[in-house]
Amino acid sequence: MRRLREAAGLTQEELADLAGLSVRTIRDIELGRTARPYRRSLELIAQALGLNAEGAARLVRTRKARGAEIAEAGAAPTADDGPRAAQLPPVTGDLIGREDLIAAYERYLSLPGAAVGPRAPLLITGPAGVGKSMLATRLAHGVAHLYPDGQLFTDLHGHDAVEPLDPASVLRGFLCSLGVSPSNLPGSLSGLTALYRSLLADRRVLILIDNARATEQVRPLLPNSPGSAVLVTSRAQLRGLLIRDGAQLLETPYLSEPAATALLEEVIGPRRLRAEPAAGRELIRLCGGLPLALRVLAERAAQRPGLLLRDLVEELTRPGFPLDALDVPDDPASTLRTVLSWSYRALPPRAARLFRLLGLHEGPDIRLDAVARLTAAGSGSASLNRLAAELSVLVDAHLLESPAPGRYRFHLLVRLYAAERAAEEESTRAGGIAYAAPRFAGQDEARHRLDGKPRGAQPPARTREWYGEHDNALRLTCSSGGPGRSTGAY
Ligand SMILES: Nc1ncnc2c1ncn2[C@@H]1O[C@H](COP(=O)(O)OP(=O)(O)OP(=O)(O)O)[C@@H](O)[C@H]1O
Ligand SMILES: [Mg+2]
């Protein structure tokens with residue numbers, strides 16, 4: 001095409017002007033960066049070059065012969081030729097233990113758009129701190145070169161201290177990055193979406209939408225052309241995006257034990273892990289493959305070379321407020337407690353209470369009927385269905401897991417957080433009943449036993465007498481805030 005343009009004595013700018021296309025479109029086709037120029041774009045170029053019908057057909061055929069798939073869509077609306085957006089945030093540190101996911105989803109994002117139709121957005125979900133954003137960012141970098149018209153990024157702040165971003169402000173930012181001057185921005189959300197989709201129709205752009213809270217935040221940001229791709233991360237299931245927009249779901253798993261070990265090793269070095277292998281294994285067990293927790297602990301250890309790993313284990317297992325061990329003094333936003341609090345605060349009140357009460361249960365998992373007793377929800381099928389629906393709110397928010405239908409379990413650290421919330425926000429009596437109920441015949445029995453107890457702190461011996469088992473009594477003490485926090489729990 002360059003030969004034809006030069007033969008016509010035109011610069012790229014002049015040809016763009018005559019064809020009504022952007023200079024970038026012309027430049028990219030000439031440089032071979034656009035593997036699939038649109039048929040309509042080529043027809044406009046042929047017209048601007050003054051080619052006859054046969055010449056125009058040859059231009060289109062030439063691109064096809066070189067392996068390009070020519071989309072049948074119309075030409076792109078033009079925008080001012082601004083700098084190509086390259087907004088992906090950097091990936092800091094090595095992404096550990098995600099090789100298989102990267103390989104599989106790089107393949108998905110590398111499929112030529114026309115082969116899959118408008119590409120379904122990739123929705124990356126998972127619990128707080130499991131590494132969704134890091135995985136998505138790394139994936140996006142790996143395939144960025146396949147999206148030569150640029151990469152757009154937004155953090156929707158769905159689960160943090162900053163107000164969640166609304167799609168209209170995101171679109172205004174995206175459109176300006178695509179070269180639209182602020183004075184030409186439509187006023188309404190639908191106008192912004194329409195312009196955005198028109199502009200992307202002829203481009204191949206990668207869009208990373210990080211930390212979304214709800215489908216409505218994301219839907220207006222989806223292009224409807226095959227050339228672009230969208231990655232979304234969220235702690236929530238975003239059912240609307242899965243069902244109505246056909247999103248492809250990538251559930252981010254916890255790290256395997258070898259990957260968790262590698263992460264610890266990367267930050268604190270293998271020497272300390274070799275010196276205290278048992279404590280290292282225990283730290284990994286306590287973090288349960290949660291990269292945020294592993295990283296925070298590892299950084300803590302790295303900053304204090306004299307600290308023994310077993311002291312860290314001791315901090316994490318000490319009754320009271322073990323999550324203190326995961327505090328980051330100069331970066332409160334990355335402490336596990338803060339990160340979880342954003343999900344917890346977003347829960348509807350009934351689900352939040354359920355979350356707290358579940359934190360008082362210490363078994364490895366819990367069945368729906370036991371949850372019903374724990375929360376005095378009633379055992380009829382209507383009550384159980386309602387309860388299951390409330391539990392699914394927690395599962396959708398990735399605060400709770402459901403390994404099998406009717407069974408639920410916490411990640412250890414999330415349970416500790418839930419227990420903290422219970423100790424802070426539940427009346428001790430309610431908490432006590434909730435805890436005791438599954439261990440007795442039912443709620444009435446638990447209430448009867450607790451009602452008979454004197455107020456105020458009790459010596460462990462009396463507690464033991466009520467509960468009949470020393471371990472559980474001690475656990476109740478810890479679950480309710482630990483000694484010195486909430487003595488009423490005795
Ligand atoms: N696979 C991994 N290898 C190494 N570090 C990781 C990995 N995954 C996550 N991390 C680290 O864990 C921390 C949390 O990761 P990230 O922010 O991606 O989690 P998230 O799931 O997006 O959390 P949120 O739900 O709060 O958005 C970061 O410090 C990140 O660097
Ligand atoms: Mg994130």
Side-chain angles (χ1 to χ4, degrees), residues 88-105 122-142 153-162 164-165 208-214 217-218 231-238 249-268 283-284 287-303 323 326-328 330-347 394 396-401 411 413-414 417:
L88 295 179
V91 183
T92 42
D94 282 345
L95 181 78
I96 294 168
R98 305 294 194 209
E99 296 76 11
D100 292 353
L101 287 177
I102 290 285
Y105 287 93
L122 180 59
L123 172 61
I124 301 179
T125 61
V130 77
K132 303 176 290 296
S133 297
M134 191 174 184
L135 174 62
T137 310
R138 168 66 186 73
L139 253 178
H141 277 284
F153 170 80
T154 182
D155 182 348
L156 293 180
H157 295 290
H159 295 283
D160 65 33
V162 182
L165 270 186
L208 173 51
I209 301 169
D210 205 9
N211 303 318
R213 178 184 287 190
Q217 268 185 308
V218 175
L231 288 131
V232 182
T233 77
S234 179
R235 284 186 203 168
Q237 275 291 347
L238 302 191
L249 181 64
L250 191 175
E251 282 268 9
T252 318
Y254 291 110
L255 289 183
S256 65
E257 201 182 312
T261 312
L263 200 159
L264 271 190
E265 253 182 38
E266 187 196 63
V267 186
I268 63 174
L283 278 182
I284 286 161
C287 291
L290 190 67
L292 173 66
L294 286 159
R295 197 162 272 284
V296 168
L297 271 187
E299 296 291 348
R300 204 177 162 103
Q303 278 159 21
L323 293 184
L326 294 167
D327 270 356
V328 185
D330 54 346
D331 184 11
S334 66
T335 71
L336 189 65
R337 188 183 282 127
T338 313
V339 167
L340 289 172
S341 75
W342 295 322
S343 285
Y344 170 68
R345 300 280 165 226
L347 291 174
L394 299 179
D396 282 356
H398 285 97
L399 285 168
L400 189 69
E401 294 161 45
H411 185 281
L413 298 175
V414 180
Y417 175 73

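Values below: all heavy atoms of this structure, side chains included; hydrogens, waters and symmetry mates excluded. Whatever order the structure lists them in is the order used to number ligands and atoms, beginning at 1. Position 1 is the first residue of the sequence; numbering continues from there.
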Taking only residues two or more places apart in sequence, or in another chain, which ones meet Asp327 in a side-chain hydrogen bond (donor to acceptor under 3.5 Å, both in side chains)?
none

Is the closest heavy-atom distance from Pro127 to ligand 1 below 4.0 Å?
yes

Can a non-hydrogen atom of Gly93 be found less than 4.0 Å from any atom of ligand 1?
no

Ignoring angles and geometry beyond distance, decide whether Met134 reaches within less than 3.5 Å of ligand 1 through its nitrogen or oxygen atoms.
yes

Backbone or side-chain N or O of Gly129 under 3.5 Å from ligand 1 N or O
yes

Assess the side chains of His398 and Glu251: does a donor N or O sit below 3.5 Å from an acceptor N or O?
yes

Ignoring hydrogens and angles, state whether a donor on the side chain of Thr154 or Asp210 is under 3.5 Å from an acceptor on the partner side chain.
no

Quick one: look up the protein heavy atom nearest [atom] and list residue, atom name and how far away it is.
| atom | answer |
| --- | --- |
| atom 28 (C) of ligand 1 | Arg295 CD, 4.3 Å |
| atom 17 (O) of ligand 1 | Ser133 CB, 4.1 Å |
| atom 16 (P) of ligand 1 | Gly131 CA, 3.7 Å |

Could you list the atoms of ligand 1 found under 4.0 angstrom from a heavy atom of [X]?
| X | answer |
| --- | --- |
| Asn211 | 27 (O) |
| Arg235 | 24 (P), 25 (O), 26 (O) |
| Pro291 | 6 (C), 7 (C), 8 (N), 9 (C), 10 (N), 12 (O) |

Option of least heavy-atom distance to [atom] (set: [options]):
| atom | options | answer |
| --- | --- | --- |
| atom 12 (O) of ligand 1 | Leu292, Val267, Asp155, Leu135 | Leu292 |
| atom 2 (C) of ligand 1 | Ile96, Asp210, Thr92, Val130 | Ile96 |
| atom 20 (P) of ligand 1 | Glu99, Lys132, Glu299 | Lys132 |

Main-chain N/O of [Y] paired with [X] side-chain donor or acceptor, under 3.5 Å:
| X | Y | value |
| --- | --- | --- |
| His159 | Ala128 | no |
| Glu257 | Ile284 | no |
| His157 | Asn211 | no |
| Thr252 | Val130 | no |

Non-hydrogen atoms of Leu264 and Ala298 that approach each other most closely
CD2-CB, 3.7 Å

Give, rounded to 10 degrees, the angle between OD1 (Asn211) and OG (Ser133) as seen from the Mg ion (ligand 2).
100°

Glu266 vs Arg295, test: salt bridge (charged side-chain N to carboxylate O under 4.0 Å, His left out). Steps then yes/no.
CA-CA 10 Å; Glu266 187 196 63; Arg295 197 162 272 284; 3.4 Å; yes

Decide yes or no on side-chain contact (heavy atoms from CB on, under 4.5 Å) for Val232 and Leu238, but give the supporting numbers first.
CA-CA 10 Å; Val232 182; Leu238 302 191; 4.1 Å; yes

Arg98 and ligand 1 - part of the residue with a heavy-atom distance under 4.0 Å
side chain

May I ask you to identify, for Asp94, whether its side chain, its backbone, both or neither come under 4.0 Å of ligand 1 on a heavy-atom basis?
backbone

